Amino acid sequence: PDSERWWESMHKEITDLLRHDTWDLVSRSTLPKGRKPTKSRWVYTIKYTKDGTIERWKSRFVVCGYSQVQGFDYDRAFSATLRSTTFRTLLAMCAGNKLKVEHFDVTNAFTQADIDDVDIWVEPPKGFDKLADEHGTFVLKLKKALYGTKQASRLWQATLTEFLVKELKFVQSKSDPCLYRLEKDGDILLVGVYVDDIICAHKGKLFKWFKNKFLKRFRAKHLGPLEWFLGVAIDQHADYSISMHQTKYIENMVQKYIPHHKHNCIERSFPDPKMFEDLSRASDDEERARVSKLQYMSIIGALLHASGMCRPDIAVYVSILAKFTSDPSQKCYDAAVMLLLYLNCTKDKKIVFTGSKKPPADGSFDDLEEVITKNHGFVAYSDSSWGNKYPYPMFGYCMFMYGGVISYASKQLKVVAFSSCEAEYAAAAYACKEIEFIRHLCSDMGFPFDGPLAFGVDNTAAIDVAYNMGVSGRTKHFNMAIHYFRDCVQLLSIIPRHVLTKFQRADIFTKQLDKTNYTEQRKYFLV
């Protein structure tokens, strides 16, 4: 029914590629003996706006890069993308320091980077393969990094970095190479890059200068204030507070995977912990064949994205379900569907960065109010669930800044813990590593921390071990890696405080809570 729109979008794609001088049309007779052109294909996507209406029909002509051979068609292919923690930290900094956030979209970004010193021939796009000679249809000899080629993203990142760092004199973050900072005469400009999506946080007059330079160098569109990024809706308010949610993304997930269930959200106001008890792999080949026809792995991938971006309340459940992706049982699939229904019932929940630097109101950090206030309201928590039924205990951590959560995790602790002290001590060590990452990240942004940071642990024995350098019979076997917690304490990088379990915000990442405790914990993260 939309064939005219798809044809229109395909013509637009080809026009853009020709405008970028992406290839030369050559006869097949020019190919080296034994060399075959790489396959190509069309990829079709419907792009939606923040409110769910269709923005445009998008066609992308891509190379089937899976047929490229490393060392022959390309050398290195890795390129970085903006971490979700960096993204949330950037938004928190904007809320706390009154920065505005703008959004740019680069048109055919990869084709704005020159191909490296290799020759790549590609089959022409179907529907546009008209020119031919006695050897067959003409093929495309690439001059630019066309989408699908293994090295395309790396070449684009190198091109953009060269422009920002060498030409515009930005400073590239060492913690996250997709973050750049420029300061001049008291004005600040922060640029975050996720492939062809560019977000720009600014205060002062630098933004207008950057916009002119950027749009002159690259074919791109200024989309205005940031509203939609990687399936996340962003709301910027007049008081500079920022909220982020995934309402539309969750609706799309439900429509795609369980359309017949989308109105069935009775008693799904919280994840049912009973459904996660005794999960196992498929019991026999019959169950394995039945569940293999379901979209379990795709559902888990979608849930992981939601959890990683702005739904920390499902992190522990997704972590458990992800263990069974290779051989799920029917119970695993039912639990995943239940989690989707829960998200559908709470799809409007948001992470909010209010800009507040006040310490938590539960009294756990009353003596550290000055420490928290001068460090952007930063508070970290870690917790572990030693003694549960899993061979390795679950652990989790979360960090807050300017009123909202910026980093969190729910994982299995790869340490055989002999006591709750050891499990909590190890969990704190992993949290300390993340704290140091955020410390360096904030410094790269131009908003460094001042002195030690507040850190909540709900095990006094673990804190005592961190403060005492000696070795006892209970601690002599501790792995050297988990002594990172003690090192941070001794170096005055953090100040640990005992936090009662009912105030331990990381508790939600370590176990399946009952409805009362879950609802109480969730309010710390989502509103």
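Computed from heavy atoms alone, side chains included, the values below leave out hydrogens, waters and symmetry copies. Count residues from 1 along the sequence. This is a predicted model, so every value here is computed, not measured.
Ring planes of Phe509 and Tyr408: parallel class, angle under 30° (limits at 30 and 60°). Ring geometry, Tyr402 versus His376: the interplanar angle falls from 30° to 60°, so the pair is classed tilted. Taking the six-membered ring where tryptophan is involved, the planes of Phe104 and Phe207 are tilted, since the angle between them lies from 30° to 60°. The aromatic rings of Trp42 and Phe61 lie tilted to each other, with the angle between the two planes from 30° to 60°. Classified by interplanar angle (parallel below 30°, tilted 30° to 60°, perpendicular above 60°), the ring pair Phe395/Tyr397 is tilted.
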Intermediate values then yes/no, side-chain contact (heavy atoms from CB on, under 4.5 Å), Glu227 and His103 = CA-CA 8 Å; Glu227 294 184 340; His103 190 193; over 6 Å; no
task = Begin with the C-alpha distance, continue with both residues' side-chain angles, and end with the deciding distance and a verdict on salt bridge (Lys or Arg N to Asp or Glu O under 4.0 Å) for Asp187 and Lys184.
result = CA-CA 5 Å; Asp187 296 343; Lys184 188 176 182 180; over 6 Å; no
task = Carefully, step by step, assess His222 and Glu102 under the rule side-chain hydrogen bond (donor to acceptor under 3.5 Å, both in side chains).
result = CA-CA 8 Å; His222 176 215; Glu102 304 287 330; 2.9 Å; yes
request  = Go through the steps for His245 and Thr247 under the test side-chain hydrogen bond (donor to acceptor under 3.5 Å, both in side chains), then give the verdict.
outcome  = CA-CA 6 Å; His245 62 91; Thr247 303; 2.8 Å; yes
task = Show the numbers, then the answer: is there a salt bridge (Lys or Arg N to Asp or Glu O under 4.0 Å) between Asp21 and Lys143?
result = CA-CA 7 Å; Asp21 195 23; Lys143 300 166 68 177; 2.6 Å; yes
task = Using the side-chain contact (heavy atoms from CB on, under 4.5 Å) rule, take Gln68 and Ile120 through it: C-alpha gap first, then chi angles, then the decisive distance, then the call.
result = CA-CA 9 Å; Gln68 288 183 267; Ile120 299 178; 3.6 Å; yes
request  = Show your working on salt bridge (Lys or Arg N to Asp or Glu O under 4.0 Å) between Arg439 and Glu436 and close with a plain yes or no.
outcome  = CA-CA 5 Å; Arg439 182 189 292 276; Glu436 285 305 298; 3.3 Å; yes
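Among Val379, Ile438, Thr89, Thr85, the one residue that satisfies the side chain to side chain contact (heavy atoms under 4.5 Å, CB included) test with Met399 is Ile438. Across Phe525, Tyr524, Phe455, Phe378, a single residue satisfies ring pair (Phe, Tyr, Trp, His ring centres under 6.0 Å) together with Phe400, and that is Phe525.
In terms of heavy-atom proximity, Val101 sits nearest to Leu91 at CG2-CD2, 4.5 Å. Counting all heavy atoms, side chain and backbone alike, Ile508 lies closest to Val316 at O-CG1, 3.5 Å.
Under the 3.5 Å distance criterion, with hydrogens and angles disregarded, no donor-acceptor pair is assigned to the side chains of Ser175 and His440. Side-chain contact check for Tyr342 and Asp313: at least one donor-acceptor pair (N or O, by modelled atom type) lies under 3.5 Å.
The line from CG of Leu413 to CD1 of Ile482 is 8.0 Å long, rounded to the nearest 0.5 Å.
Under the side-chain contact (heavy atoms from CB on, under 4.5 Å) criterion, Lys374 pairs with Asp450, not counting sequence neighbours. With sequence neighbours excluded, the residues forming a side-chain contact (heavy atoms from CB on, under 4.5 Å) with Ala302 are Tyr249, Met253, Tyr257, listed by chain and number.
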Please tabulate, for the side chains in residues 154-163, all donor-acceptor contacts under 3.5 angstrom to protein atoms that are two or more places apart in sequence or on a different chain.
{"unit_1": "Arg154", "atom_1": "NH1", "unit_2": "Phe78", "atom_2": "O", "d": "2.9"}
{"unit_1": "Trp156", "atom_1": "NE1", "unit_2": "Val195", "atom_2": "O", "d": "2.8"}
{"unit_1": "Gln157", "atom_1": "OE1", "unit_2": "Ala80", "atom_2": "N", "d": "3.2"}
{"unit_1": "Gln157", "atom_1": "NE2", "unit_2": "Ala80", "atom_2": "O", "d": "3.4"}
{"unit_1": "Thr159", "atom_1": "OG1", "unit_2": "Leu155", "atom_2": "O", "d": "2.9"}
{"unit_1": "Thr161", "atom_1": "OG1", "unit_2": "Gln157", "atom_2": "O", "d": "2.8"}
{"unit_1": "Thr161", "atom_1": "OG1", "unit_2": "Tyr180", "atom_2": "OH", "d": "2.7"}

